[in-house]
Colleague: 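Below you will find the structure I want to go over with you.
All of these numbers come straight from a predicted model, not from anything done at the bench. So you know, we letter chains A, B, ... as the sequences are listed, proteins then strands, and number each from 1.
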Amino acid sequence: MPRGRPACDHGGVSQPAATSGAPGAARPGTPAAGVPEPPVPTRGPLERRRSGRLVAGVAGGVADHLGIGVLWVRAAFVVLAAINGAGVVGYALLWMFVRQESADTERTVPRRERQQAMGLVALGLGIGLVAALLGNAVIGWIVGPLGVAALGAAVVWREADESQRRRWAAGARSGVAGAAGGGRTALIRVVAGALFVALGIAVFLIGNINLGQVQFGLLAVIATIVGIGVLTVPWWLRLARDLGEERRQRIIEAERAEIAAHLHDSVLQTLALIQRQADEPREVTRLARGQERELRHWLYGPQGYGRGSSGGGVKAPALDEGLAESLTKAAAEVEDTYALTVSPVLVGADRPLDADLRALVLAAREAMVNAAKHSGVDEISVYVEIEPDEVNVFVRDRGKGFDPDDVPADRHGVAGSIKARMARHGGRVRLRSTPGEGTEVHLAMTITEASTEGTGAPVPVRTADTAERAPQDPGRETVDADGSDDRQEVQS
Amino acid sequence: MSDEQTDMGSGTGGAGTTGSGKDAGTPITVFLVDDHGLFRAGVRAELDRGVPDVEVVGEAGSVDEAVAAIRHLTPDVVLLDVHMPDGGGAEVLRKVRPEAPGVVFLALSVSDAAEDVIAVIRAGARGYVTKTISGRDLADAVRRVHGGDAVFSPRLAGFVLDVFSDRPGAAPPGDPELDLLTRRERDVLRLLARGYAYKEIAGELFISVKTVETHVSSVLRKTQLSNRYELSRWASDRRLV
C-alpha cells in the first residue's frame, strides 16, 4: 500500500524528503527538522543535541524543546550551579536520562557562541565548586575527590555518546563490543576516565575513613562496584532503550505482517476472481463491491484497523449487534445478492436491537430487496436516522417506479408484508412512488420506554411531525399503515 | 464566500439543474491531483470523452507538483485526492488557496472516514464526492462547484447532521450563528442524505433550487467555520498525521 493510513502511523514515512529523513528529525515543531513553517506548534520530545554541542548537548536539547536560545539555557544552568551546585547535578541527571537525538542534524556553531559557551561552562563549574567550598567545608572536602570521580565519569559517558553516534552511522551493530569500538583514542579516553573515577573514589575513601583491614577490604570491594556502576551507566541505559526500540520494531513488523496477510487473503483473491470473470460485468461488480465493503470495514469500521486506539467518530463503540450494524449487514446482503450498490448513511447514536427494531431491520431489508428486484437501477440510497425516541429508515431508488393504479400483484404483496410487519410492532410505513422517477419507502419506529430505561410518560406517536417532514404530493400515492398499537401495555 | 460572488456570472443558472451545461462557450478547466496515475488516467478519459464543457488541463501526482502547477495554470476547478504522501489534499489547499482565491476545490476520495471528509472540507474544499461516482455525476459536481455551489455526498450530509445534532450532554454551542443549523438547513441536509438531487429537494420542500443552493452553501460555511468539538477534532487529527 503506497499510501493511506497505515503508512502514516509510524512517523516519518510520509515526511518530506527535504529533511534529513530520519524519524527524530522529522517531528513537527522540532526546529532541528529544518522546516521553515512548522504547521502545528507542538514540541518535539526532549532530546540531547548530537551536533553543535559543547559537553553533552543537554543545554541545546532543552533550548530546542522550549523554543528559546541556547545561551539562556546555559546561563540558567550556570546560575543554578551557584545554588549548592544544583545546576551541575541537574545537567548530569539530564545527561544520563535524556536520550540523544537519533540523527545528525547539521548545526553550525559560530566561533563566538562556542567561546561564550566554553566560558559559561568554566564559570558554572567554578561557581559550583566555590559555592560548595564557601557554603560548607565538609561538602567542599567531599566535592574535591568526588568531583574528580565525576569528571572521569563524564569523560567515559561522553565517549559512550560518541560511540553511539558511530554506531548509528555504521548501522546496527549491537552489544558492548560495538559500543566500545572506536580506536585507540577512544580506548585511551575510556581508560583515563576510569582511572579518574577510581582515583576519586580512592582518595575519598582514604581521606574520610580510618578503618581496619577487613573493613577496608569490604569498602574497597563496594567502591569498585560503585565505580563500575557509575562507569557503565550509559550502557545500561542504552540497553534498556535498545530493548524498547527492538520491541517497537517487532510490533511494527507484526503489524506489517498482518496487513500483508489481510491483503493477500482478501484483495488478491478477489482480484484473481475478477480476472477470471472479466466477461461478466455483473459478477465483477458484485465482487468488487463486496471486496470494497470488506476492506472498508476492516480499515474504517468500528473496530477497524485504521481507527487505531484513539477511537473514531462521534458514534459510541458499536454494540455487538446493534441497529447500525444489522442494517449495514442487511444492505451488504442485498448488495451481494443482487449485484448493485446499496449505500447506507447512518446518523445518530447506535442502539441495541429489541424486537421492534429487529422488525424494522427486516422490513428495511425487504424494502431494499424490493427496490433491487423491481426498480431496474443499480444504486439504492438508504438513510437511517436514529433519534432518542424514534428511528426512521428511508429506502430510495431512482428506478422506474410504479403507478398506484396499476400495481403488479407481487409488488403489492411485498409492500403488504412490509406494512403488516411494521404494523405488528407499532411502526409506520409510507410508500411513495412516481412512475419514471422512482420509489421511496419510509419506515418509522417509535422507541417505546421499555427499551429506553423507563423514562416515564409514554412517547407520543409523532405522525404529525413525520407528515411535516415529508409533505405529500398530490401526484403520488401514499399508503399509511399506522400501527395498531398492540404494545400499549408496557410496564414502567 | 467570495468565490461565489466572483463566479456568479459563469454558471449558477445552469448548475442547479442536472448539469445541462448551458454556457458552452468556454469549457471549465479542471486540474487533477491524485497520486494514483491509473485513477488520474481514468478520470481524464471519462471527462474528456463524454463531457464537452469540461476540459482537463493538467494533472499532478504529488503535493509539490500540484502546488506549482495550480499556481501556474490557475484552473477553474481542482479535483483533489484526500490521501497523498506529504500531507494530502489538505496540504495542497493550505498552500494554494491563499494565493489563488479564484480556484475552487472538489475533494475526491475513496475514503469514507469522517476525519478525512471533514478535514478537507475545513481546509477549504467546496465539496466532497467518492471515487465511485459516475463520470456524468462527476462532471455535474464540477459544474456545480464552479458555479459557486457546494457539493455534498449523502454521506457527508450524514456526517454534518451527526455533528450538528444536539445529543444529550453535548457542550452548549459557543456561537449560535455558526454552531447551530436552522430547521430548513436540517431538512435540506436530511434530503441530501436520503439521496435527493437539488431539484428534487426543491420540489419536496416547496422552495426554489436557488434556495436549496443557498441552504447548502450556508451549511458548508458552518461546517468550515464552526468550532463544534468533533469538527475541530477531526480536522486536527488529520493534520497531525
Colleague: Calculate, to the nearest 0.5 Å, the distance between atoms NE2 and CZ belonging to A:H442 and B:R194 respectively.
Modeller: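 Reported to 0.5 Å precision, the distance equals 7.0 Å.
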
Colleague: Please examine the side chains of B:R190 and A:Y383, heavy atoms only from C-beta on, and report whether any two atoms are closer than 4.5 Å.
Modeller: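 With C-beta onward as the side chain, the pair touches.
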
Colleague: At a 4.5 Å cut-off on heavy atoms, which part of A:E379 comes close to chain B: side chain, backbone, both, or neither?
Modeller: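 Looking at A:E379, nothing touches chain B.
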
Colleague: Tell me, with the steps shown, if A:R398 and B:E200 meet salt bridge (charged side-chain N to carboxylate O under 4.0 Å, His left out).
Modeller: CA-CA 11 Å; A:R398 284 166 197 262; B:E200 293 166 321; 3.3 Å; yes

Colleague: Compute both the distance and the angle, then confirm whether A:R396 meets the cation-pi test with B:Y196: under 6.0 Å from the six-membered ring centre, within 45 degrees of the axis.
Modeller: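 Here A:R396 passes the 6.0 Å and 45° test against B:Y196.
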
Colleague: Around B:L38, counting heavy atoms of other residues, nucleotides and ligands shown, do more than 12 lie under 6.0 Å from its CG?
Modeller: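 Count not over threshold, so no.
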
Colleague: Thinking salt bridges, do A:E292 and B:K131 make one under a 4.0 Å N-O criterion?
Modeller: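 No salt bridge links A:E292 with B:K131.
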
Colleague: On a heavy-atom basis, which atom in B:G195 and which in A:S381 lie closest, and how many Å separate them?
Modeller: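 Closest approach of B:G195 to A:S381, heavy atoms only: CA-OG, 3.9 Å.
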
Colleague: Only one of B:D162, B:L189, B:V163 passes side-chain contact (heavy atoms from CB on, under 4.5 Å) with A:V347; say which it is.
Modeller: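 That would be B:D162; it is the only one of B:D162, B:L189, B:V163 passing the side-chain contact (heavy atoms from CB on, under 4.5 Å) with A:V347.
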
